[in-house]
K.L.:
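Please read through the structure below; I'll follow up with questions.
Residue numbers begin at 1 in each chain, while the letters A, B, ... track the order of the sequences.
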There are 2 protein chains.
Amino acid sequence: MREILDIQKKLLPDLMDIMKKRYSILHHILVSGVVGRRTLASSLDMTERVLRGEVDFLKEQGLLESDASGMKISESGRQLLEDMLPIIKIAFGLTDLEESIAKAYGLSQVIVVPGDTDTSVFTKKELGRAGAAALRKYVAKGDIIAVTGGSTMAQIANNLTISSSMKGNWFVPARGGLGESVDMQANTIASIMAKKTGGKYRLLHVPDHLGEEAYQTLIQDPQIQEVVDAVRSCRIVVHGIGDAMVMARRRKVDADTTRSLQSDGALAEAFGYYFDRQGNVVHKMPTVGLRLEDLQRTEVVIGVAGGKSKGEAIASVLRHGQEDVLVTDEAAAIEIMKHV
Amino acid sequence: MREILDIQKKLLPDLMDIMKKRYSILHHILVSGVVGRRTLASSLDMTERVLRGEVDFLKEQGLLESDASGMKISESGRQLLEDMLPIIKIAFGLTDLEESIAKAYGLSQVIVVPGDTDTSVFTKKELGRAGAAALRKYVAKGDIIAVTGGSTMAQIANNLTISSSMKGNWFVPARGGLGESVDMQANTIASIMAKKTGGKYRLLHVPDHLGEEAYQTLIQDPQIQEVVDAVRSCRIVVHGIGDAMVMARRRKVDADTTRSLQSDGALAEAFGYYFDRQGNVVHKMPTVGLRLEDLQRTEVVIGVAGGKSKGEAIASVLRHGQEDVLVTDEAAAIEIMKHV
DNA sequence: CCAGTGATGGACGTTTTATGTCCCGGGTAT
DNA sequence: ATACCCGGGACATAAAACGTCCATCACTGG
């Protein structure tokens, strides 16, 4: 596979460029749904005319369709994009990145999508697609799947589709309420995922910042206890990874804790735990749900995060060593490899 | 390996041609040892100038060397050729098929799409796409285009798009109603094609199995006469090819006729005529429209059919010798070559 | 020794193709 | 109703490809 491309490169040096160009046009149209020529041209940084040439070609090949409202991808175009993914990864050099990260951190699979989530909303969507695909790959019938919150997780939820293998699975939030906006809370994500896949879900309604005694009575509650048990016996965890300080701010952590996080060198956050550069846990959010020790019994831990700015944070979570699968983007992957 | 080339064929069809061209240049030089530009050009059937462009490129890539005595292949060029062999075999299996069929049956163009229409719906769609592309290539402004019915023709109609070169053209059914389901009748196909391309159409409402006198009065009708005249003066014919017995059954031909077809060795059916293995007409459907002798005045006859099971039938229609362009699939093409 | 042959590489005008730029008529969402 | 965005047509221009001719060089055969 790789050889064939190397051979072709010798005989057709610009093959890769054209292939990438056409791929990215098609891909852009795929993620945009319906889009016009001018919009597309500016978003791809091409002149209108040359884009038009390519679009005419792609139309002739039956890979996209156009009507008065704009252009959209055809079924065979969508299929083509799917089939092309491995080729594109090689052409973009992403396979190398995937393999080196997997080896450096002892992961069983790494998926790298092209682009940078920090700068392109399309990359974020692609990350969601890839995350959903990864989950689909590892899930089995009757699994309990614990998920966290965050915008990346929301994207994954968006890209899940109904599938027989996920029908009847349980989606649960990995931890209790962690004071984020509603549509990115773990509870919300779990319910969306369940609806999209035809699965079931249970919610954990445990507010933050409870007094000790209120907390104790709450976790004695049989209803809550049941959900917590389910969470702790999950087979799959899918979680985002965040920058420690950004997450602390977003969750309105009090000044004292923030200071202590800073002095402890907290760099990354994942499922309510804060990690320093070496991958040590330096702080945990006071709420119920999945504990670190539960992860060891968990069969598949899937981390999903992207963006150049998150690279270092992802690296420190990976160093902690509980992850099995990582889904990230090109920019973050490059940063991760700087911190081996 | 196979997939990557199929993908590239869809996304970069012209680059595949260039690859073939460069490969054959290199290969020719390899077998010739040392050879001059003009000699090579004539032996490859290229103009000197275009060969020179390619040679300059190959020299730049270090794949061949040239001195005052002529050109010869370099070591890395020889290595490349060796590595390419499997790629070339796969990538151009179809091209070879196309050329051998074209030569064997004296056609001006043969288009072979990968796959087998019998087993894959996708191949059938691809056949439709290729048929539409072929029609687009040969059509000119103001043409009258006669079409037949059938599911393959319906696919072609589906894949036609509005285009200025076809605007205002006439689509007519090649022959009268031949007792098939409505959405595959020539009348229907003609009207769909006209709508899709922005052309106009005329229909032929002549039922099958008319009594002789009803038939005579019908074809005296000026309206019908006008359409029949248009059909017979068409410049382009696009038609499907069917297995004789399958078609007879589908058209509910009576038992007597079926027996006579069988005893005459009818193998194939096209535009209402039945052909035996040698390409002789052994029977014709009793309806009005295009006659065989009209085909000689027709400039472009495009036959479209695929599927392993139809290979022999296609071959016998080709042997009749009126076809100019054939669009088929890989499985049928292989069968066709077995019957040269 | 020399003319003839066939080679490469340079040159140049012409044709074809690609590109930048505008505009038009038609839908669509506001 | 209107303003906006869409695809597609049109056209001048820049760039690439091509056909053609020629100069020069190396080798060969006489």
K.L.:
Whole Å only: how far is the CG atom of B:L58 from the C1' atom of C:dT8?
P.N.:
16 Å
K.L.:
Once you round it to whole Å, what is the distance between C1' of C:dG10 and CZ of B:R37?
P.N.:
10 Å
K.L.:
Just by distance, with hydrogens left out, do A:K124 and A:S151 show a side-chain donor and acceptor under 3.5 Å apart?
P.N.:
yes
K.L.:
Can you sort out the partners of A:K195 under side chain to side chain donor-acceptor pair (under 3.5 Å), two or more places apart, ordered by chain and number?
P.N.:
none
K.L.:
Base, sugar-phosphate alone, or nothing: which one does B:G36 contact when heavy atoms must sit under 4.0 Å apart?
P.N.:
sugar-phosphate
K.L.:
Can you tell me the distance, in whole Å, between the CD atom of A:E48 and the P atom of C:dT19?
P.N.:
13 Å
K.L.:
Below 4.0 angstrom, which residues in residues 61-71 of chain A have at least one non-hydrogen atom near DNA chain D?
P.N.:
A:S66, A:D67, A:A68, A:S69, A:G70, A:M71
K.L.:
Does a side chain donor of either B:T95 or B:K20 reach within less than 3.5 Å of an acceptor in the other side chain?
P.N.:
no
K.L.:
Do any pairs count as a ring pair (Phe, Tyr, Trp, His ring centres under 6.0 Å) and have a residue in residues 26-46 of chain A, sequence neighbours left out, and if so which ones?
P.N.:
A:Y23-A:H27, A:H28-A:F122
K.L.:
Start with the C-alpha distance between A:T123 and A:D329, add both sets of side-chain angles, then the distance that settles side chain to side chain donor-acceptor pair (under 3.5 Å), and finish with yes or no.
P.N.:
CA-CA 8 Å; A:T123 303; A:D329 64 16; 5.9 Å; no
K.L.:
Using a cut-off of strictly less than 4.0 Å, decide whether A:K59 has a side-chain nitrogen or oxygen near OP1 or OP2 of D:dG8.
P.N.:
yes
K.L.:
For the pair made of CD1 in B:I18 and P in C:dT17, what is the distance, rounded to whole Å?
P.N.:
13 Å
K.L.:
Is a donor-acceptor contact shorter than 3.5 angstrom present between the side chain of B:R38 and the base of C:dT5?
P.N.:
no
K.L.:
For A:E54 and C:dT17, give me the distance from atom CD to atom P, rounded to whole Å.
P.N.:
16 Å
K.L.:
Contact class for A:V35 vs. all strands (heavy atom < 4.0 Å): base, sugar-phosphate, or nothing?
P.N.:
sugar-phosphate
K.L.:
Starting at atom CZ of B:F57, determine the distance to atom P of D:dC18, rounded to an integer number of angstrom.
P.N.:
14 Å
K.L.:
Take the protein atom CZ of A:R52 and the nucleotide atom P of D:dC6, then report the distance between them rounded to whole Å.
P.N.:
14 Å
K.L.:
Check the distance between D:dG7's P and A:L40's CG and give it to me in whole angstrom.
P.N.:
9 Å
K.L.:
Looking only at side-chain N and O atoms, does A:T47 come under 4.0 Å of OP1 or OP2 in C:dT21?
P.N.:
no
K.L.:
Could you report the tightest heavy-atom contact between B:A190 and B:P173, atom names first, then the distance?
P.N.:
CB-N, 4.1 Å
K.L.:
More than 12 heavy atoms of other residues, nucleotides or ligands under 6.0 Å from CG of A:D45: yes or no?
P.N.:
no
